[in-house]
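What follows is a single structure, written as structure tokens, with notes after it.
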Amino acid sequence: GQNIDQPTEMTATEGAIVQINCTYQTSGFNGLFWYQQHAGEAPTFLSYNVLDGLEEKGRFSSFLSRSKGYSYLLLKELQMKDSASYLCAVVGEDYKLSFGAGTTVTVRA
Amino acid sequence: GAVVSQHPSWVICKSGTSVKIECRSLDFQATTMFWYRQFPKQSLMLMATSNEGSKATYEQGVEKDKFLINHASLTLSTLTVTSAHPEDSSFYICSASSPGREATEAFFGQGTRLTVV
């Protein structure tokens with residue numbers, strides 16, 4: 001089976017940095033996605049990691065360590081619009097996506 | 001990026017009736033579409049994988065006779081919730097992928113909020 005863990009909630013101040021961790025234990029591994037989801041909306045793609053290391057894309061960066069079964073999403077220069085749920089999703093050996101429960105990030109002024 | 005359109009965005013229906021949700025890939029041919037369900041504050045749970053021209057593959061615990069999936073063309077898959085009950089109220093999301101794209105790349109529709117009263 002697939003087991004994907006991420007914190008339930010995080011709160012940070014506007015302009016700050018927040019790091020959302022994700023640990024996984026899955027049957028096979030073919031990559032890890034991070035998605036952003038606002039309430040009542042579908043997820044939107046943020047990043048994809050399949051090799052170890054850091055992928056940087058503007059204010060968002062994602063890191064992967066396959067040997068540790070670990071990833072994090074780093075959000076810099078937080079803005080109010082970044083308040084959302086962030087989903088970690090792992091692609092297993094069957095190429096299906098398994099999602100974590102999501103981390104709700106609240107950005108305060 | 002690719003566009004996947006899902007319709008309707010929200011629907012309210014009476015208990016016992018059936019509801020059809022459409023998922024269309026607008027600018028690419030989607031050989032595979034996925035249907036997810038998401039309850040409040042929970043993760044997306046894969047319900048079934050739909051392949052064009054063949055029967056859908058359902059995940060364990062998902063009733064295939066209750067959630068009918070049809071993938072008749074490369075741009076359209078439908079999910080019909082039959083004899084809906086209040087416990088079927090949820091957020092249903094489709095995603096689509098196709099060969100030629102990154103194998104794991106999936107594009108999501110806008111989602112459908114179903115409320116059964």
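Below, chain A is the first sequence line, B the second, and so on; all start at residue 1. In this text the structure is predicted, and so the values were computed from the model without any measurement.
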Study note, to complete from the structure: Closest non-hydrogen atoms of B:Ser43 and A:Gly100, given as atom of the first, atom of the second and distance, are OG-O, 2.7 Å
Check your understanding: Hey, quick one: are B:Tyr58 and A:Leu97 part of the same hydrophobic cluster, counting side-chain heavy atoms closer than 4.5 Å, chains of contacts allowed?
Key -> no
Check your understanding: If two hydrophobic side chains count as joined below 4.5 Å and joins carry through other members, does A:Phe60 share a cluster with A:Phe33?
Key -> no
Point to revise | More than 12 heavy atoms of other groups within 6.0 Å of B:His85 NE2 | key: yes
Practice item. Verify the neighbour count for atom NZ of B:Lys66: are there more than 12 heavy atoms of other residues, nucleotides or ligands below 6.0 Å? Key: yes
Check your understanding: Using non-hydrogen atoms only, which part of B:Gln38 is less than 4.5 Å away from chain A: side chain, backbone, both, or neither?
Key -> side chain
**Study point:** Interface moiety of B:Gln60 toward chain A, non-hydrogen atoms closer than 4.5 Å
**Key:** neither
Practice item. Could you give me the CA-CA distance, side-chain angles and deciding distance for A:Leu87 and B:Leu44, then say whether side-chain contact (heavy atoms from CB on, under 4.5 Å) is met? Key: CA-CA 9 Å; A:Leu87 308 176; B:Leu44 277 74; 3.7 Å; yes
Practice item. Could you look at B:Ser9 and say if it's the side chain, the backbone, both or neither that has a heavy atom under 4.5 Å from chain A? Key: neither
Review point. Is there a path from B:Trp35 to B:Val116 through hydrophobic residues (I, L, V, M, F, W, Y) whose side chains come within less than 4.5 Å of each other?
Key: yes
Check your understanding: Could you state the interatomic distance from NZ (A:Lys96) to OG1 (B:Thr32), rounded to the nearest 0.5 Å?
Key -> 10.5 Å
**Study point:** Proximity of B:Phe108 and A:Tyr35 rings by center, below 6.0 Å
**Key:** yes
Practice item. Identify whether A:Phe63 and A:Leu73 are in the same connected component of the hydrophobic contact network (ILVMFWY, side-chain heavy atoms under 4.5 Å). Key: no
Point to revise | From CA spacing to verdict: side-chain contact (heavy atoms from CB on, under 4.5 Å), A:Gln37, B:Phe91 | key: CA-CA 13 Å; A:Gln37 186 180 27; B:Phe91 192 52; 4.0 Å; yes
Check your understanding: Using a cut-off of under 4.5 Å for heavy-atom pairs, which of A:Gly102, A:Ala39, A:Pro43, A:Ala89 has the most such pairs with chain B?
Key -> A:Pro43
Check your understanding: Given the rule that I, L, V, M, F, W and Y join up when any side-chain heavy atoms are under 4.5 Å apart, are A:Tyr86 and A:Leu64 in one cluster?
Key -> yes
